Participant: 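Got a structure for you, questions after.
This is a predicted model, so every value here is computed, not measured.
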Protein chains: 2
Amino acid sequence: MGRWEPDALGRLRAAALDLFTERGYEQTTVADIAERAGLTSRTFFRYFPDKREVLFQGAEGLEGAMTEALKKVDSASPALEAVSAAVYAVGSYMGDIRDFARLRRNVIQTNAELRERELTKLSKLSGALAEALIRRGSNPIEAQLAAETGLVVFRISFELWIAEGELRSFRDIAHELFLQMSLLTRV
Amino acid sequence: MGRWEPDALGRLRAAALDLFTERGYEQTTVADIAERAGLTSRTFFRYFPDKREVLFQGAEGLEGAMTEALKKVDSASPALEAVSAAVYAVGSYMGDIRDFARLRRNVIQTNAELRERELTKLSKLSGALAEALIRRGSNPIEAQLAAETGLVVFRISFELWIAEGELRSFRDIAHELFLQMSLLTRV
DNA sequence: CTCATGATGTCATACTGTGACAACACTTGG
DNA sequence: CCAAGTGTTGTCACAGTATGACATCATGAG
């Protein structure tokens with residue numbers, strides 16, 4: 001495969017994140033991004049199906065990390081426990097990219113379209129978790145309930161983790177929320 | 001306020017739903033919708049901020065129904081119980097519009113953009129519920145957990161209710177799922 | 001060197017969404 | 001009954017997203 005300059009995809013991602021933080025998502029056109037990356041709009045759309053995806057594609061590591069973690073949980077343990085293990089596992093995955101995650105998150109929060117896409121991605125993640133749970137032996141409804149509940153905890157934990165300085169690790173926050181969740185649903 | 005023909009807004013909604021079911025969301029342009037309603041594209045965008053919203057605007061009855069129901073719950077009862085009451089309340093609200101809801105839902109499920117917007121609406125609803133819970137005295141995190149958990153049940157219940165023929169009422173389905181949820185999180 | 005391949009550019013085009021302004025029906029006050 | 005005022009719609013122009021068709025060109029294989 002021919003290549004003159006390194007990593008067009010990476011350059012597009014970086015250019016986009018830069019411009020979005022500099023002047024905002026809506027104030028940045030695809031042409032702007034492409035130009036800063038030394039490419040054209042047409043090429044941008046060869047790498048990303050739409051403008052939003054430049055911030056989301058590549059974050060599929062999450063899905064892999066979580067489903068991998070799920071596989072390692074004792075298959076006798078209940079569904080939600082398995083999901084919580086998967087959430088904890090992602091904690092260490094994110095510790096590395098903390099600053100990037102925060103930057104990216106701040107851009108997303110400034111724009112409705114981007115928040116919309118974020119919800120979609122989380123929903124897709126929930127679907128993948130549910131599938132993994134079904135393969136583990138859960139019935140479909142239990143699987144969906146457990147997966148979506150786990151993702152509620154994940155999402156809130158993530159926000160708290162970003163908001164707090166360095167007080168607690170993602171894992172600790174998530175752990176506390178899982179506890180609170182179990183208290184909440186106690187009849 | 002001047003008006004020659006009745007209810008431009010309603011005509012646009014009806015035209016959109018018709019065309020979307022006939023030839024699909026993507027195969028329908030805003031100009032098509034407007035034309036069938038006897039209007040122009042420019043007018044469409046005066047009633048709806050974007051093409052998707054024509055299927056969602058007006059469904060805010062849900063939010064009102066749920067927060068109203070919340071207010072009627074004994075303020076001593078726990079957060080999730082209040083939320084479940086709100087979900088049950090919506091059940092009767094939807095019994096009336098069942099066929100419409102099913103039609104609308106089927107259109108939404110055929111298209112990624114529309115599913116995306118649906119998630120956003122549910123997220124907004126969850127936010128409103130959480131706020132209502134906070135006003136009731138819950139702390140913010142508990143409120144968010146309860147609201148989002150309740151909406152997980154709501155969403156899954158809705159899908160099951162649509163999928164089943166007439167077997168069970170929405171309320172019965174939701175009730176069973178709330179029970180299953182409490183079993184799920186029992187440590 | 002030549003050819004096949006893959007990445008990129010160019011050009012054309014449909015559609016979404018918005019601003020500015022004109023046109024028009026209807027209402028109200030005189 | 002007319003005139004001014006108000007709200008709704010149409011017309012026009014335009015920026016931006018997204019996609020198809022085709023040309024171009026660097027590179028690596030033979």
Participant: Tell me every residue that passes ring pair (Phe, Tyr, Trp, His ring centres under 6.0 Å) with A/Y25, counting only those two or more places apart in sequence or in another chain.
Facilitator: A/F20

Participant: Can you give me the N/O atom pairs linking the protein to nucleotides 14-18 of chain C at distances under 3.5 Å, or say none if there are none?
Facilitator:
unit_1, atom_1, unit_2, atom_2, d
C/dT16, OP1, B/V30, N, 3.4
C/dT16, OP1, B/K51, NZ, 3.4
C/dT16, OP2, B/V30, N, 3.2
C/dG17, OP1, B/R52, NH1, 3.4
C/dG17, OP2, B/K51, N, 2.7
C/dT18, OP2, B/P49, O, 3.4

Participant: In whole angstrom, what separates A/E26's CD from D/dA15's C1'?
Facilitator: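 So the CD-C1' distance, A/E26 to D/dA15, works out to 14 Å.
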
Participant: I need the CG-P distance between A/L39 and D/dA26, as an integer number of Å.
Facilitator: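 For the pair A/L39 CG and D/dA26 P, the rounded distance is 16 Å.
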
Participant: Does the separation of the ring centres of A/F170 and A/F154 fall below 6.0 angstrom?
Facilitator: yes

Participant: Could you state the atom-to-atom distance from CG of B/L9 to C1' of D/dG7 in whole Å?
Facilitator: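 The answer, rounded to whole Å, is 15 Å.
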
Participant: Using the side-chain hydrogen bond (donor to acceptor under 3.5 Å, both in side chains) criterion, which residues pair with B/E35? Sequence neighbours excluded.
Facilitator: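 B/E35: no side-chain hydrogen bond (donor to acceptor under 3.5 Å, both in side chains) contacts found.
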
Participant: Once side-chain contact (heavy atoms from CB on, under 4.5 Å) is applied, do any residues pair with B/R23, and if so which ones, sequence neighbours excluded?
Facilitator: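 So B/R23 forms a side-chain contact (heavy atoms from CB on, under 4.5 Å) with B/L19, B/Q27, B/T28, B/D32.
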
Participant: With a 3.5 Å cut-off and just heavy-atom distances, do the side chain of A/R46 and the base of C/dG9 make a donor-acceptor pair?
Facilitator: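 By the distance-only test, yes, there is a pair.
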
Participant: Listed by chain and number, what are the side-chain hydrogen bond (donor to acceptor under 3.5 Å, both in side chains) partners of B/Q57, not counting sequence neighbours?
Facilitator: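 In terms of side-chain hydrogen bond (donor to acceptor under 3.5 Å, both in side chains), with neighbours along the sequence ignored, B/Q57 is linked to no residue.
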
Participant: Find the distance A/D7:CG to C/dT8:C1' and express it as a whole number of Å.
Facilitator: 15 Å

Participant: Any side-chain N or O of B/T40 below 4.0 angstrom from OP1/OP2 of D/dT9?
Facilitator: no

Participant: Taking 4.0 Å as the cut-off, does a side-chain nitrogen or oxygen of A/Y47 come that near to OP1 or OP2 on C/dT8?
Facilitator: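 For C/dT8, OP1/OP2 do have a side-chain N/O of A/Y47 under 4.0 Å.
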
Participant: Which residues pass the ring pair (Phe, Tyr, Trp, His ring centres under 6.0 Å) test with A/F44, not counting sequence neighbours?
Facilitator: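 Expected list: A/F48.
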
